Amino acid sequence: MSENGATTPPRVGYIGLGNMGAPMAKRLLDWPGGLVVCDTREEAVAPFVESGATRAASPRGVAEQATVISVTVLDDAQVTDVICGPDGILAGAAPGTVIAVHSTISDETAVALAERCNAVGVEFVDAPVSGGAGGAEKGELAIMVGGSETAFAAVKAPFKCYSNLVIHAGDVGAGTRMKLARNLLHFVSFTAASEAQRLAAGAGIDIRKLGKVVRHTDAITGGAGSIMLRDTMDDVEPDDFWFSILNHVRDLGEKDLALALDLGGRLGVDLPLAQRALSAFGPGLGVGLGKAATAAMNDARLAAANEEKA
């Protein structure tokens with residue numbers, strides 16, 4: 001508490017200063033309670049230290065200095081290691097600390113991590129974001145939070161530094177489930193855009209002009225026109241400018257579609273377009289199947305073979 005009775009802002013921590021984490025953490029540099037940062041890459045940390053943030057050598061070091069800690073790393077395994085590893089957040093966190101994971105992970109992973117955190121008096125929220133790096137730069141992200149009312153109250157103010165929409169989706173796991181539902185629409189629509197382009201190309205329409213029309217109206221209504229930039233539906237060659245970009249989009253899409261299908265299976269909700277999108281997404285982008293789709297298709301073939309044997 002301050003002298004006038006106002007609550008002193010907590011010191012915040014940020015772990016993972018990549019394409020998304022860096023612009024989000026940058027908007028916390030003026031946070032009145034101070035900012036502690038951590039990343040495995042010195043070149044990612046240095047600009048923050050030069051701007052007044054405190055460097056921590058490990059997630060544990062962040063937790064020893066901050067009581068609200070955001071995490072933006074690659075996947076479930078990295079999130080688990082950052083939180084529960086030998087030099088992870090829980091090794092240094094005081095009771096009452098709130099850990100917020102912005103990475104899109106499995107909702108089951110979120111629930112399991114929350115249980116491990118709660119066992120030592122630490123709060124956990126899954127807080128995936130929507131809006132991309134551009135939204136992070138502008139402070140216009142949407143954040144979907146799963147966690148207790150107490151935890152939500154603790155993270156809401158720092159989250160508003162890089163978001164203009166912070167939604168309390170429900171208990172732990174709800175933020176991730178909301179993100180999966182949102183991204184199900186997002187990535188299924190990308191597959192639908194490929195189908196529309198094939199239809200137009202088959203009818204002799206210039207698909208670049210179609211893309212202009214869709215982007216024009218999507219600027220008003222929103223939509224999948226942002227990926228309709230190619231001038232052919234042929235496979236993208238590895239030396240093409242778009243190849244690495246579309247590979248990245250495919251990997252993100254397949255991951256989120258696979259997570260959404262897993263959730264649908266556990267809930268007994270049939271998602272036929274999502275299933276179709278998982279197998280068609282990469283080929284529709286012109287870069288072929290990724291690891292997630294290949295694994296899912298192999299699992300399906302194995303299941304079908306086992307049914308035939310039975």
Side-chain angles (χ1 to χ4, degrees), residues 1-2 5-17 21 24-25 28 31-39 53-129 143-163 166-179:
M1 300 288 286
S2 65
T7 302
T8 302
R11 200 172 197 195
V12 299
Y14 211 105
I15 300 171
L17 304 172
M24 292 166 72
L28 289 167
W31 178 253
L35 174 65
V36 184
V37 294
C38 177
D39 193 282
T54 300
R55 174 194 286 107
S58 65
R60 176 177 183 165
V62 175
E64 289 171 345
Q65 303 177 69
T67 55
V68 174
I69 304 169
S70 288
V71 177
T72 306
V73 293
L74 183 62
D75 53 24
D76 296 50
Q78 285 192 5
V79 169
T80 300
D81 184 60
V82 162
I83 294 174
C84 304
D87 215 17
I89 295 172
L90 292 183
T97 297
V98 181
I99 302 171
V101 172
H102 293 307
S103 311
T104 301
I105 57 175
S106 165
D107 62 310
E108 291 182 311
T109 300
V111 172
L113 287 172
E115 291 174 353
R116 296 180 71 171
C117 290
N118 292 342
V120 293
V122 172
E123 291 263 22
F124 176 95
V125 300
D126 57 310
V129 304
I143 305 181
M144 297 146 278
V145 183
S148 70
E149 292 284 354
T150 301
F152 179 70
V155 300
K156 190 173 182 180
F159 281 7
K160 283 190 172 181
C161 292
Y162 43 83
S163 167
V166 183
I167 296 293
H168 190 192
D171 294 335
V172 172
T176 299
R177 296 175 192 124
M178 183 179 286
K179 172 66 182 289

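All values reported here derive from a predicted model rather than from experimental measurement.
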List the steps and the verdict of side chain to side chain contact (heavy atoms under 4.5 Å, CB included) for Val101 and Phe124. CA-CA 8 Å; Val101 172; Phe124 176 95; 3.5 Å; yes
Spell out, as yes or no, whether a donor-acceptor pair under 3.5 Å connects the side chain of [X] to the backbone of [Y].
X	Y	result
Lys179	Val129	yes
His168	Met144	no
Ser163	Lys160	no
Asp39	Leu17	yes
His102	Ala127	yes
Trp31	Pro9	no
Asp76	Ile105	no
Ser103	Leu74	no
Asp81	Ala77	no

Interatomic distance, [X] atom [atom1] to [Y] atom [atom2] [nearest 0.5 angstrom]:
X	Y	atom1	atom2	result
Ile143	Ile167	CD1	CD1	10.5 Å
Ser106	Arg177	OG	CZ	9.0 Å
Asp171	Ser148	CG	OG	8.5 Å

Minimum heavy-atom distance [X]-[Y], with the two atoms named:
X	Y	answer
Asp87	Pro59	O-CD, 3.6 Å
Thr150	Glu123	CB-OE2, 3.9 Å
Pro158	Leu28	O-CD2, 3.7 Å
Gly34	Arg11	O-CG, 3.6 Å
Ala93	Val122	CB-CG2, 4.0 Å
Ala56	Gly61	CB-C, 3.7 Å

Yes or no on side chain to side chain contact (heavy atoms under 4.5 Å, CB included) for Cys117 and Ile99, after CA distance, side-chain angles and deciding distance? CA-CA 9 Å; Cys117 290; Ile99 302 171; 3.9 Å; yes
Just so I know, are the side chains of [X] and [Y] near enough to count as touching, which here means a heavy-atom distance under 4.5 Å?
X	Y	result
Val98	Thr67	no
Thr109	Val79	no
Pro95	Val120	no
Ile69	Thr97	yes

Between Gln65 and Thr54, does any side-chain donor sit less than 3.5 Å from a side-chain acceptor?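 No donor-acceptor contact under 3.5 Å links the two side chains.
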Assess the side chains of Asp107 and Thr176: does a donor N or O sit below 3.5 Å from an acceptor N or O?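 No, because no side-chain N or O of Asp107 sits under 3.5 Å from a partner of the opposite role on Thr176.
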Should Arg55 and Cys38 be marked as a side chain to side chain contact (heavy atoms under 4.5 Å, CB included) after you check the CA-CA gap, both sets of side-chain angles, and the distance that decides it? CA-CA 6 Å; Arg55 174 194 286 107; Cys38 177; over 6 Å; no
Full working for side chain to side chain contact (heavy atoms under 4.5 Å, CB included) between Arg60 and Ile89: CA-CA 4 Å; Arg60 176 177 183 165; Ile89 295 172; over 6 Å; no
Hey, what's the ring geometry for Tyr162 with Tyr14, parallel, tilted or perpendicular (30° and 60° as the breaks)?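 Tyr162 and Tyr14: perpendicular rings.
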